[in-house]
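Take a look at the structure set out below.
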Amino acid sequence: MKVLLTVNAAWNALNFRRPVIQALLNQGHRVTILAPYDTAAPALRDMGCQVIDLQMDVQGLSPQRDAKLPGRFAAHFATLRPDLILSYTVKNNVFGAVAAKRLGIPFLPNISGLGTGFLSGGALRMVVETLYRFAFRGLPTLFFQNPDDRDLFVQRRLIAPGQARLLPGSGVDLAHFSPTPLPPDNGTVFLMVSRLLRDKGVLEFVEAARQIKNIRNDIHFQILGSIDAANRSALGPTQLNRWINEGVIDHLGEHDDVRPFITGADCVVLPSYREGAPRTLLEAASMARPLIATDVPGCRHVVDDGITGLLCAPRDAEDLRQKLEAFANMPTNTRVMMGGAGREKMLREYDQKIVVDCYMTAIADLVPGLSTAADTRLRA
């Protein structure tokens, strides 16, 4: 079978979709990645995928910039003629669905987050909802990464209830992200793993850190992640350097392997405004790190408040400060128990093999005659 996977960045396919891609390759299917070319493309080719560059603007929704995008999808789909298309991220889902339906190609989108346009509200949200409603009409199956997003789409009549299926996010590699002991007691280290975006709660994290640093010098705040200039909610290098010079946070840059930094942290923090199922929290919990995150869709399903971590109010630096200080005052044995409970939750609910089996079951429904999910588990 020829499978086409489309997403807004090759690195997204490599870092978040690898288990599904590998399972398809293991079955002998031919996999093509249609995404804007970046440094991850060679690694995808090494896996055995064909990679085709997709010309698209990943920054927001604009009628002018995106006018040619539906035609590009249609042209690629018509040329490649895949038996099935797997899609991720907003524009690929919306414009890809329209093109695939016109060509009669089975199309399976994954709603991994609602995007900045949806979060903005007002007229832009109405435009996005209209696009979703039109694009997804008639699709047999759509994957959601948390029940809140699924229920919202149903309540807003963007989809019919029978179209939706749930996934445990992108899952987590439990062996790769194995538990590590908490660092020595040399003060508390809070780590935020995220691109520098307003929507991720970076401003609230910095403000809470500033307040705490004014009265305590035994607590440290780190941010690991890139400056994503292409995103509408990006925070720039000038602002970042101001925080660093102020001594509020340490910026650790961008790294392919986050495990050493999680190992060096006492707690991983994500005060995001809304998520699908945040991979950074899954990876940290898998490594037995307590979590602090906002009580919003996506985050609240990963963090069991008071058991695997703490939940705080969204867009509220003061409430985040209180939760950070509460954690900093916790005894070591309580932190260890929280981390252990998080690891157990990942084992029960977020193993990446669950995601692979969900995909293979859905694919078998869309493409009759394909091998069953039981035959497609990841091979070592």
Side-chain angles (χ1 to χ4, degrees), residues 3-21 31-38 40-41 44 49 51-62 65-66 68-70 72-74 76-77 82 84-100 107-120 124-125 127-129 131-132 134-136 139 141-146 149-150 152-153 158-159 164 167 169-171 194-195 197 199-200 225-226 228-234 272-280 297-298 355 359:
V3 180
L4 177 67
L5 186 150
T6 184
V7 66
N8 69 0
W11 68 263
N12 186 304
L14 181 67
N15 291 304
F16 299 149
R17 318 304 166 195
R18 186 197 294 259
V20 173
I21 293 170
V31 179
T32 298
I33 310 298
L34 177 64
Y37 193 94
D38 57 38
L44 289 165
C49 301
V51 182
I52 296 177
D53 187 26
L54 173 64
Q55 297 296 315
M56 68 178 292
D57 181 359
V58 300
Q59 185 175 6
L61 283 169
S62 166
R65 293 194 303 265
D66 297 330
K68 295 182 179 180
L69 193 52
R72 289 197 191 110
F73 278 110
H76 282 299
F77 295 171
L84 170 72
I85 300 170
L86 307 180
S87 180
Y88 306 83
T89 62
V90 176
K91 292 185 183 181
N92 304 69
N93 286 342
V94 170
F95 299 126
V98 174
F107 188 86
L108 178 56
N110 182 316
I111 314 301
S112 55
L114 301 186
T116 304
F118 206 100
L119 294 174
S120 299
L124 182 56
R125 175 168 172 167
V127 171
V128 174
E129 287 193 356
L131 289 171
Y132 274 135
F134 174 72
F136 292 163
L139 292 182
T141 302
L142 299 96
F143 276 130
F144 290 84
Q145 298 198 354
N146 67 68
D149 287 352
R150 176 201 60 193
L152 178 62
F153 269 58
L158 307 183
I159 63 168
L167 287 175
S170 300
S194 168
R195 292 172 293 162
L197 305 176
D199 292 350
K200 296 296 183 181
S226 63
D228 187 354
N231 193 289
R232 293 175 66 247
S233 72
S272 179
Y273 298 169
R274 192 180 185 110
E275 293 285 333
R279 184 71 171 267
T280 58
V355 176
Y359 258 96

Is there a donor-acceptor pair under 3.5 Å between the side chain of [X] and the backbone N or O of [Y]?
{"X": "S194", "Y": "K200", "answer": "no"}
{"X": "N146", "Y": "P297", "answer": "no"}
{"X": "S112", "Y": "G276", "answer": "no"}
{"X": "R72", "Y": "M56", "answer": "no"}
{"X": "S87", "Y": "N92", "answer": "yes"}
{"X": "N93", "Y": "N110", "answer": "yes"}

The residue among F136, F107, Y132 that forms side chain to side chain contact (heavy atoms under 4.5 Å, CB included) with L142 is F136
From [X] [atom1] over to [Y] [atom2], what is the distance, rounded to the nearest 0.5 angstrom?
{"X": "T6", "Y": "K91", "atom1": "OG1", "atom2": "NZ", "value": "12.5 Å"}
{"X": "I159", "Y": "I111", "atom1": "CD1", "atom2": "CD1", "value": "8.0 Å"}
{"X": "T32", "Y": "I85", "atom1": "OG1", "atom2": "CD1", "value": "10.5 Å"}
{"X": "L158", "Y": "D149", "atom1": "CG", "atom2": "CG", "value": "11.0 Å"}
{"X": "L54", "Y": "I33", "atom1": "CG", "atom2": "CD1", "value": "12.0 Å"}
{"X": "L44", "Y": "L14", "atom1": "CG", "atom2": "CG", "value": "5.0 Å"}

Can you see which heavy atom on [X] is nearest to which on [Y], and at what distance?
{"X": "F77", "Y": "P82", "result": "O-CD, 3.6 Å"}
{"X": "A35", "Y": "A10", "result": "CB-N, 3.8 Å"}
{"X": "A135", "Y": "A97", "result": "O-CB, 3.6 Å"}

Taking the side chain as everything from C-beta on, heavy atoms only, tell me whether [X] gets closer than 4.5 Å to [Y].
{"X": "F134", "Y": "V94", "result": "no"}
{"X": "F16", "Y": "V7", "result": "no"}
{"X": "I21", "Y": "C49", "result": "yes"}

Applying salt bridge (Lys or Arg N to Asp or Glu O under 4.0 Å) to R279 and not counting sequence neighbours gives E283
For this session: Assess whether side-chain contact (heavy atoms from CB on, under 4.5 Å) is satisfied between Y359 and L108, documenting all intermediate values.
Result: CA-CA 9 Å; Y359 258 96; L108 178 56; 3.8 Å; yes
